[in-house]
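Single-structure report; data block below.
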Amino acid sequence: MESVPLLFTGALVAGGIYWFLCVLGPAERKGKRALDLSGGSISAEKVEDNYKQYWSFFRRPKEIETAEKVPDFVDTFYNLVTDIYEWGWGQSFHFSPSIPGKSHRDATRLHEEMAVDLIQAKPGQKILDVGCGVGGPMRAIASHSRANVVGITINEYQVKRARDHNRKAGLDALCEVVCGNFLQMPFDDNTFDGAYSIEATCHAPKLEEVYAEIYRVLKPGSLYVSYEWVTTAKFNGEDEEHVEVIQGIERGDALPGLRAYSDIAEAAKKVGFEVVKEKDLAAPPAEPWWTRLKMGRLAYWRNHIVVQVLSAVGVAPKGTVDVHEMLFKTADFLSRGGEIEIFSPMHMILCRKPIS
C-alpha cells in the first residue's frame, strides 16, 4: 500500500514536468522542435565561436556601418537565432499591435495582410518581399492576395526553411525564395508590380541604399510599403536610460544603428520615391505591441531550462544557451523601449515609384 502514495506523487511530478515543458510557453511554435535547435548553416561545433564573432563586431562599430561588412554580420546573426525564433515565436519574425479579442497569430496575420492591401496587390502580380526570413509573412500575403511573392534573404538556412514551409503549406506555386543581399538584388530593373518589407530594412547600414535597390526593381507606378524600426520623437539622446535601451536593441538584433522616425521619408524621397502615406502603427490608439513579449517571460524561463538541458547533454550546440539568453535580454530592452515610447518597430511608410 505504501507504493500507492509514491506512485501518485510520481504521477503528479511527471504531470507537472510535462505541463511545464510541453504545455506552458510559446503556443505558436510551428515546424520547429526544441530537439531540432541548430546553428542554421553553422556546424554545431562552431556555434559558440560564431556567437563570439557576432559580439566582436560591436568592438569595431564602424565595420557594421558599411555595406561590405553587414552581410556577414547579419548572416551570422540569423544562423544563430533562426531556430530559436521559430521555436519560441513562430514563422513571422516581427511584431504587431495587440487586437482585443484576437490571438497573437491573428493579429500577426492581419498586420501582414494590411501591408499587401496598402500596395494594392492583385492576383497574378509579382510582388517582392524584402528580407523574407523563413517566409511567414510571404505565405499569409500570398494566401490573402493570390499574388506571386518572391522573397529575398541573406541567409541560406532561412531559404531552406522558407521553401520547406512553402511546400508544406501548399503555396510553393505562389511563393519563391532567393538567397541574396537586398543591397545588391539579383533582379532586373522594373521587374515587380509591388514590394513590401516588414521590419527588415533596419539591417541596412544606410536606408537609402536598400530603398534605391527596391526603387530600381519596381515597375513605374508601383507601390512599396515598409514597416521600419525607429526611435520616436520621445527619444532623448542625452538620457542614459534611453541610450541604454536603444543600444541594447541594436546589439541584440544585429542593427548597424537605429534611425530616427524623421529620417525615413527623407531617405525614400532621396532615391526618387513619392511618399503616399506615413504613420507610426504603434502609436495610440493602437494597443501595445510589446505585451506579447512581457506575457512570454514565463515561457522564456521554461524554454531556457529546456535549452540548458539539451545543451548539457549535447543535443543543442554549445553556445545555444548564450544565444537564448541574449535574446531574452533583448526582449527586455524592446519591451522597455515600447513602454516608454522611445522605440517603434512599425513606423509605416507607403511610397510610389513615379510613372515618368
In terms of side-chain geometry, is the basic nitrogen of [X] or [Y] positioned less than 4.0 Å from the acidic oxygen of its partner?
X	Y	result
Asp193	Lys219	yes
Arg216	Asp189	yes
Asp164	Lys160	yes
Lys329	Glu325	yes

Test side chain to side chain contact (heavy atoms under 4.5 Å, CB included) on Lys206 and Leu183; report intermediate values, then the result. CA-CA 10 Å; Lys206 294 180 180 178; Leu183 300 177; over 6 Å; no

Compare every heavy atom of [Y] with every heavy atom of [X], then report the nearest pair and how far apart it is.
X	Y	value
Asn148	Ala173	OD1-O, 3.8 Å
Ile152	Gly180	CG1-O, 3.6 Å
Leu281	Ala286	O-CB, 3.2 Å
Pro317	Val47	CB-CG2, 3.6 Å
Pro137	Ile198	CB-CD1, 4.0 Å
Cys202	Trp229	CB-CB, 4.0 Å

Which is it for Val130 and Glu213 under the side chain to side chain contact (heavy atoms under 4.5 Å, CB included) test, yes or no, and what are the steps along the way? CA-CA 10 Å; Val130 184; Glu213 268 295 272; over 6 Å; no

Are [X] and [Y] grouped together when hydrophobic residues (ILVMFWY) are joined by side-chain heavy atoms under 4.5 angstrom apart?
X	Y	result
Val321	Val315	yes
Tyr196	Met114	yes
Val271	Phe187	yes
Leu118	Val116	yes
Trp87	Val313	yes

Please walk me through it: do Phe273 and Tyr215 pass side chain to side chain contact (heavy atoms under 4.5 Å, CB included)? CA-CA 7 Å; Phe273 277 122; Tyr215 184 93; 3.8 Å; yes

Are the side chain of [X] and the backbone of [Y] linked by a donor-acceptor contact shorter than 3.5 Å?
X	Y	value
Gln184	Asn181	no
Arg292	Trp89	yes
Glu228	Tyr261	no
Ser226	Ile349	no
Asp253	Leu255	no
Ser145	Ile141	yes
His203	Ala254	yes
Thr232	Glu341	yes
Asn79	Gly40	no
Arg163	Val177	yes

Result for ring pair (Phe, Tyr, Trp, His ring centres under 6.0 Å) between Phe343 and one of Trp289, Phe333, Trp290 points to Trp289

Name the orientation class of the two ring planes belonging to His94 and His111 (parallel below 30°, tilted from 30 to 60°, perpendicular beyond 60°). tilted

Contact between [X] and [Y] at the side-chain level, heavy atoms closer than 4.5 Å - yes or no?
X	Y	result
Thr320	Ile84	yes
Arg109	Arg105	no
Arg139	Val149	no
Val245	Ile342	yes
Asp117	His144	yes
Ser143	Leu171	yes
Lys126	Thr191	yes
His347	Arg259	no

Step-by-step side chain to side chain contact (heavy atoms under 4.5 Å, CB included) determination, Tyr211 to Ile264: CA-CA 10 Å; Tyr211 278 7; Ile264 308 304; 3.6 Å; yes

Residues passing the salt bridge (Lys or Arg N to Asp or Glu O under 4.0 Å) test with Glu278, sequence neighbours excluded, are none

[atom2] on [Y] to [atom1] on [X], rounded to 0.5 Å:
X	Y	atom1	atom2	value
Met326	Asp322	CE	CG	9.5 Å
Glu199	Ser92	CD	OG	10.0 Å
Phe93	Thr82	CZ	OG1	5.0 Å
Phe235	His242	CZ	NE2	8.0 Å
Lys277	Arg352	NZ	CZ	13.0 Å
Tyr85	Leu327	OH	CG	5.0 Å

Please find out if less than 6.0 Å separates the ring center of Tyr54 from that of Phe73. yes

May I ask you to check whether Phe328 and His324 place their ring centres under 6.0 Å from each other? no

Is Glu45 atom CD crowded by more than 12 heavy atoms from other residues, nucleotides or ligands, each under 6.0 Å away? yes

Run the numbers on Glu156 and Ser41 for side-chain hydrogen bond (donor to acceptor under 3.5 Å, both in side chains), then give the verdict. CA-CA 7 Å; Glu156 189 76 56; Ser41 299; over 6 Å; no

